[in-house]
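In what follows, a structure is listed as structure tokens, so that the remarks can point back to it.
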Amino acid sequence: MYKAIEIRKSIRSYEKKPLSNKDKEKVSKIIKLVENKKGPFNNSAHFFFIDNNEKKKKIGTYGFIKNPPSFIGGVVENNLKGMVDFGFLFEEVILRLTEANLGTVWLGGTYKRSDFDVEVSDNEIIAAVSPVGYPTKKSIREKIIRKASKANKRKPFNELFFLGEKLQPIDENHKYYQYLKAIQLAPSASNKQPWRVVLIDNAFHFFLKRTKGYGDKLKIDIQAIDIGIALSHLCLTLKEDNLSFKFINNKPSNLENCEYILSVQINKA
Ligand SMILES: Cc1cc2nc3c(=O)[nH]c(=O)nc-3n(C[C@H](O)[C@H](O)[C@H](O)COP(=O)(O)O)c2cc1C
């Protein structure tokens, strides 16, 4: 998963060809697998997969997405915890699709149920969707260029991560450095990177630093999704390293202008 975290990039331009049957099966399998899981706040999500080539009314009115052959998306309870859990679960889908060499891009915002013909109860909402397809050659080239400049596309460690109650900087020799790196690489809406983490002993305490006014017009708490994505990157890499952990509600001293969400505690061997 760490490798998928490193190579995943938003793909907005796709080859003009439908997904192969084999890849369609892969997408369905991945969705099914993650649908059986729960997020840190115990919500699960329902996912859908729509083949643009089979659908009469084509999805793809998003002008900036070129030739999307299919879409996935998900429905979840519309509250902060639901959004965190959605971000957590849908990012696992995105990373597994990345491992299968399929291109994706998170599209958050407000989608009507009629856009996708899916069932949505009154307390639920379509939290996000993503096209699924084969990245164009151009976007592969773009990827290489973007990779070279990757370092300056995320906020530096000293803005995002803090060590101990005294909120000290974390250096590259810290034993959990790579897990913080996995968090830093997380995608976020408009690349706002609203996650902040205080690391105390074996616990990663997650805070949300909201961008003032951002997302106010949306029906969903889009920056709560971002927190779920960051949590997903941490938990998937911990699992990959066979480190067990639990989610706890244990707010340490405050981070200025931040909202505490929850903590991930690594179990000591
Ligand atoms: C919750 C969420 C919503 C997003 N919505 C959009 C969107 O509506 N349109 C878009 O082009 N990109 C959208 N993105 C993609 C981000 O702009 C992108 O992840 C970020 O700029 C980082 O770039 P990267 O994904 O290539 O690493 C969204 C990302 C997230 C996490």
Side-chain angles (χ1 to χ4, degrees), residues 1-14 39 45 47 59-68 71-76 78-80 82-95 97-99 102-112 115-116 125-133 135-136 138-156 160 181-195 206 208-211 214-234 236 261:
M1 275 297 186
Y2 194 81
K3 194 157 171 252
I5 286 172
E6 276 190 318
I7 61 171
R8 184 216 54 84
K9 280 285 146 225
S10 291
I11 303 295
R12 297 181 178 86
S13 157
Y14 295 87
F47 298 121
I59 301 163
T61 45
Y62 319 105
F64 51 96
I65 305 296
K66 228 174 137 197
N67 307 322
F71 275 92
I72 53 167
V75 176
V76 76
N78 190 11
N79 52 42
L80 183 136
M83 288 302 134
V84 170
D85 285 350
F86 184 84
F88 188 87
L89 296 167
F90 201 57
E91 181 65 1
E92 179 168 346
V93 172
I94 295 279
L95 291 171
L97 292 172
T98 306
E99 280 180 335
L102 293 166
T104 55
V105 54
W106 272 89
L107 299 174
T110 310
Y111 298 99
K112 288 194 292 281
D115 289 342
F116 296 98
I125 195 153
I126 297 175
V129 302
S130 168
V132 183
T136 57
K138 181 168 164 272
S139 58
I140 290 167
R141 209 164 47 228
E142 254 170 39
K143 237 161 115 174
I144 295 163
I145 297 163
R146 293 170 53 148
K147 204 176 159 123
S149 63
K150 194 146 112 182
N152 54 26
K153 284 185 61 250
R154 293 292 188 267
K155 293 186 197 299
L160 300 174
K181 192 86 204 156
I183 296 170
Q184 186 192 33
L185 291 172
S188 56
S190 299
N191 207 16
K192 298 282 185 201
Q193 307 161 60
W195 0 268
F206 278 76
L208 168 53
K209 183 162 189 176
R210 292 189 181 279
T211 312
Y214 183 69
D216 282 356
K217 289 201 186 107
L218 297 175
K219 285 193 189 133
I220 56 165
D221 188 345
I222 198 159
Q223 294 202 306
I225 296 183
D226 292 340
I227 293 283
I229 297 173
L231 278 162
S232 176
H233 280 210
L234 172 64
L236 290 169
I261 305 293

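Just so you know, ligand 1 is whichever comes first in the structure, and atom 1 is the first atom listed for that ligand.
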**Message:** If I take atom CG from residue Leu102 and atom CD1 from residue Ile94, how far apart are they, to the nearest 0.5 angstrom?
**Reply:** 10.5 Å
**Asked** Can you tell which part of Asp226 has a heavy atom less than 4.0 Å from ligand 1: side chain, backbone, both or neither?
**Response** side chain
**Request:** Number the atoms of ligand 1 from 1 as they appear, then name those within less than 4.0 Å of a heavy atom of Gly108, with their elements.
**Result:** 3 (C), 4 (C), 5 (N), 8 (O)
**Item:** Nearest-option assignment for atom 17 (O) of ligand 1, heavy atoms, candidates Arg12, Lys153, Lys9, Gln193
**Value:** Arg12
**Heavy atom of Arg154, distance to ligand 1 below 4.0 Å** = yes
**Interfacing atoms of ligand 1 (cut-off 4.0 Å, heavy-atom, Arg8)** = 24 (P), 25 (O), 27 (O)
**Prompt:** ligand 1 versus Ile229, non-hydrogen atoms closer than 4.0 Å: side chain, backbone, both, neither?
**Reply:** side chain
**Item:** Selection from Phe90, Phe86, Trp106 by shortest heavy-atom distance to atom 29 (C) of ligand 1
**Value:** Trp106
**Request:** Starting at NZ of Lys153, measure out to NZ of Lys9 and round the result to the nearest 0.5 Å.
**Result:** 3.5 Å
**Prompt:** Is the shortest distance from a heavy atom of Ser188 to ligand 1 less than 4.0 Å?
**Reply:** yes
**Message:** Give the atom numbers and elements of ligand 1 that come within less than 4.0 Å of a heavy atom of Pro187.
**Reply:** 19 (O), 25 (O), 31 (C)
**Prompt:** Under the side chain to side chain donor-acceptor pair (under 3.5 Å) test, which residues partner Lys181, sequence neighbours left out?
**Reply:** Gln184
**Request:** Dump the intermediate steps for side chain to side chain contact (heavy atoms under 4.5 Å, CB included) on Met83 and Ile222, then the final yes or no.
**Result:** CA-CA 7 Å; Met83 288 302 134; Ile222 198 159; over 6 Å; no
**Phe206/Leu234 under side chain to side chain contact (heavy atoms under 4.5 Å, CB included): CA gap, chis, key distance, verdict** = CA-CA 11 Å; Phe206 278 76; Leu234 172 64; 3.7 Å; yes
**Message:** Glu91 and side-chain contact (heavy atoms from CB on, under 4.5 Å): which single residue from Leu95, Val93, Leu89 fits?
**Reply:** Leu95
**Request:** Could you list the residues that satisfy side chain to side chain donor-acceptor pair (under 3.5 Å) with Asn67, not counting sequence neighbours?
**Result:** none
